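Note that the structure is a prediction, hence the values are computed from the model and not measured.
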Amino acid sequence: MTIAPTATDDLVVTDPVDGSTASSVPRSTEEDVRDAVARARAAAGAWARTAPAERGALLHAAAEHLRAHAQELADLNTRETGKVPGDALGGVEAGIGTLVQYAELGPVHRGEALRGQFGAADWSVPHARGVVLALTPWNDPVAVACGILGAAIVTGNTVVHKGSERCPATFARLNALLAEVLPDGVLVGVDGDATTGEQLLAQDGIDVYAHVGSTATGDRLSEVAATTRAHVIRENGGNDAVVVDTDVDPEWAAAQVALGAFANTGQICTSVERVYVHQDVADAFVTALVAEAERRTASAAADFGPLVDDRLRRTVQAHVDEAVSRGAVVRTGGVTPDGPGSFYPATVLTECTDDMLVLTEETFGPIAPVRVVSDFDEGIRLAAADRYGLAATVLTNDTGHALRAAAELPVGTVKVNAVFGGAPGGSAQPRGASGAGFGYGPHLLDEMTTTTVVHLEAAPPRRGTQPASAAGSSDPAAAAGATAGSADTVGGTR
């Protein structure tokens with residue numbers, strides 16, 4: 001069950017579409033936080049001893065319970081974050097699918113076996129780590145949270161979950177729905193902001209910090225973990241680049257970049273943040289990209305939602321203003337509109353230089369900053385010159401260029417000719433300021449467990465007895481040989 005806060009200090013969220021009050025959720029108190037960790041710790045032993053197949057079956061049931069409430073969760077998400085209704089429902093359905101995937105993968109999660117000397121065996125066994133503190137973001141709340149929660153729970157861990165304060169009602173309902181199916185203490189929800197997060201980090205008895213969100217928060221978790229020795233899994237900010245090669249259709253490339261830069265109003269961890277386009281196709285590409293941006297802006301509130309709040313919108317505008325002050329040219333958008341809510345237009349900037357914030361930092365808004373390059377080599381070099389390391393995309397018909405990108409770009413995921421997508425069950429390992437550890441896919445099961453290696457050899461029989469194998473043998477010679485072999489010294493006699 002979700003913690004019922006004992007104070008009246010509420011988290012109030014404003015609807016980013018019209019400025020009305022979207023939700024009000026009581027903030028968990030410090031006493032609630034302590035109780036949440038204590039309950040998860042108390043449940044950890046029994047849950048870790050629960051058979052993996054039973055854990056998987058319960059996770060299946062939890063997924064089906066969410067399915068019955070999918071539209072409710074999607075509506076909450078839309079009201080709190082402005083995510084367009086279709087995308088919000090798609091995010092819930094993705095979360096349900098992730099729970100089902102882990103419900104299937106968890107029971108077959110296995111160790112490895114090694115063959116050493118004859119008569120001995122070595123194998124490894126995965127064990128639950130204990131209590132997982134899950135800190136998850138607002139930009140796709142159900143889908144991202146279900147990945148961390150599903151992997152943690154199915155491997156035998158219990159979880160204390162605090163979602164972002166930007167959509168507290170969505171997280172409170174998600175936690176409550178899942179907890180209705182799971183045993184008490186397996187999932188405990190906490191509602192709060194950064195202060196609540198610090199209270200959680202002050203608690204003893206947490207074994208894993210699993211976080212998706214800002215680099216600053218991820219750095220804070222790593223700092224605390226140096227003392228608590230908790231295992232840290234973090235997928236943090238990104239500044240993902242796209243390199244557009246000379247041999248691609250510029251209109252197709254523009255559609256790809258527009259999808260990457262403007263989907264969910266640029267509020268995706270792997271959104272396109274930097275665009276490096278070959279000079280030979282730059283003019284046609286920019287013309288097509290501007291048309292794509294204007295088409296999306298025209299569909300505002302239907303297919304192109306607002307930014308999550310005015311705080312983020314001010315940051316986006318500040319990045320655009322800084323770029324313009326340094327010589328960037330606004331080809332479309334770039335101005336905060338009048339009216340209610342926190343809408344911002346799809347924006348294309350050209351004449352961008354490498355020192356501008358739109359190229360050096362994660363803007364997390366619908367901005368496509370374009371930097372023209374002389375050749376593919378320059379594009380790859382600039383794409384790699386970044387402190388983040390989440391993902392990057394190359395649009396090319398040159399197989400050699402694609403292979404070079406995979407070899408040279410220091411990121412967790414290199415995508416060729418598709419800004420989004422990937423096989424079900426895929427995993428990725430971010431680098432640098434983008435985090436550490438596998439944040440999803442089957443490898444997340446390994447992150448959520450520790451490994452015990454077992455080495456087994458047969459013990460020699462007690463003196464004066466014969467081995468069980470010989471005693472049970474129907475071959476007198478074998479039994480005699482076994483008895484002779486039990487003498488004090490090799491080849492000795494009694």
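- The aromatic rings of Phe304 and Phe262 stand perpendicular to each other, their planes meeting at an angle above 60°, with 30° marking the opposite boundary.
- The nearest pair of heavy atoms linking Asp15 to Ala22 is N-CB, 3.7 Å.
- Taking Arg234 as the reference, Asp219, Ser222, Asn236 meet the side-chain hydrogen bond (donor to acceptor under 3.5 Å, both in side chains) condition, with sequence neighbours excluded.
- The structure places CG of Leu149 at 6.5 Å from CG of Leu174, a figure rounded to the nearest 0.5 Å.
- By the salt bridge (charged side-chain N to carboxylate O under 4.0 Å, His left out) test, Glu223 pairs with Arg220, sequence neighbours left out.
- Looking at Asp386, its side chain does come within 3.5 Å of a backbone N or O of Tyr388 through a donor-acceptor pair.
- In this structure, the side chain of Arg49 does not engage the main chain of Trp47 through any donor-acceptor pair within 3.5 Å.
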Exercise for the section: Take Thr449 and His109 through the side chain to side chain contact (heavy atoms under 4.5 Å, CB included) test and state the conclusion after the steps. Expected result: CA-CA 10 Å; Thr449 53; His109 184 228; 3.5 Å; yes
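- The minimum heavy-atom distance between Leu307 and Thr265, with the atom names listed, is CD2-O, 3.7 Å.
- No hydrogens or angles considered: nothing links the side chains of Tyr440 and Gln101 as a donor-acceptor pair under 3.5 Å.
- Environment of CZ in Arg295: crowded, with over 12 heavy atoms of neighbouring residues, nucleotides or ligands closer than 6.0 Å.
- At distances below 3.5 Å, not a single donor-acceptor pair connects side-chain atoms of Asp310 with backbone N or O atoms of Arg313.
- Lys83 contributes no side-chain N or O that, together with a main-chain N or O of Asp140, makes up a donor-acceptor pair within less than 3.5 Å.
- Of the possible donor and acceptor atoms, one in the side chain of Ser271 sits under 3.5 Å from a partner among the backbone N and O of Gly266.
- The line from CD of Glu80 to OG1 of Thr170 is 4.0 Å long, rounded to the nearest 0.5 Å.
- Distance CZ/Arg166 to OG1/Thr81: 10.5 Å, rounded to 0.5 Å.
- Put simply, the residue from Cys167, Cys146, Pro168 that forms a side-chain contact (heavy atoms from CB on, under 4.5 Å) with Pro141 is Cys167.
- Arg67 has a carboxylate O that lies under 4.0 Å from a charged side-chain N of Glu64, or vice versa, which qualifies the two as a salt bridge.
- Distance alone, capped at 3.5 Å, is enough to place a donor-acceptor pair between the Gln256 side chain and the Val419 backbone.
- Looking only at distances, a side-chain donor or acceptor of Asn157 sits under 3.5 Å from a matching main-chain atom of Ala152.
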Practice task
Start with the C-alpha distance between Phe364 and Thr315, add both sets of side-chain angles, then the distance that settles side chain to side chain contact (heavy atoms under 4.5 Å, CB included), and finish with yes or no.
Solution key: CA-CA 9 Å; Phe364 219 63; Thr315 298; over 6 Å; no
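- Taking CZ of Arg27 as the start and OG1 of Thr195 as the end, the distance is 6.5 Å to the nearest 0.5 Å.
- With Ser434 contributing its side chain and Pro430 its backbone, the two residues share no donor-acceptor pair below 3.5 Å.
- Side chain of Glu457 to backbone of Gly119: no donor-acceptor contact under 3.5 angstrom is found.
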Exercise for the section: Take Thr136 and His161 through the test side chain to side chain contact (heavy atoms under 4.5 Å, CB included) and record every step on the way to the result. Expected result: CA-CA 8 Å; Thr136 62; His161 178 212; 2.7 Å; yes
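- The aromatic ring centroids of His231 and Tyr209 lie 6.0 Å or more from each other.
- One finds the CD atom of Glu322 at 4.0 Å from the CG atom of Leu357 (value rounded to the nearest 0.5 Å).
- For Ser124 (side chain) and Thr451 (main-chain N/O), no donor-acceptor pair under 3.5 Å exists by modelled atom type.
- The CG atom of Asp191 lies 8.5 Å from the NZ atom of Lys162; values are rounded to the nearest 0.5 Å.
- Not counting sequence neighbours, Thr393 has no partner by the side-chain hydrogen bond (donor to acceptor under 3.5 Å, both in side chains) test.
- Scanning all heavy atoms of the two residues, the minimum distance from Ala405 to Val394 falls at CB-CG2, 3.4 Å.
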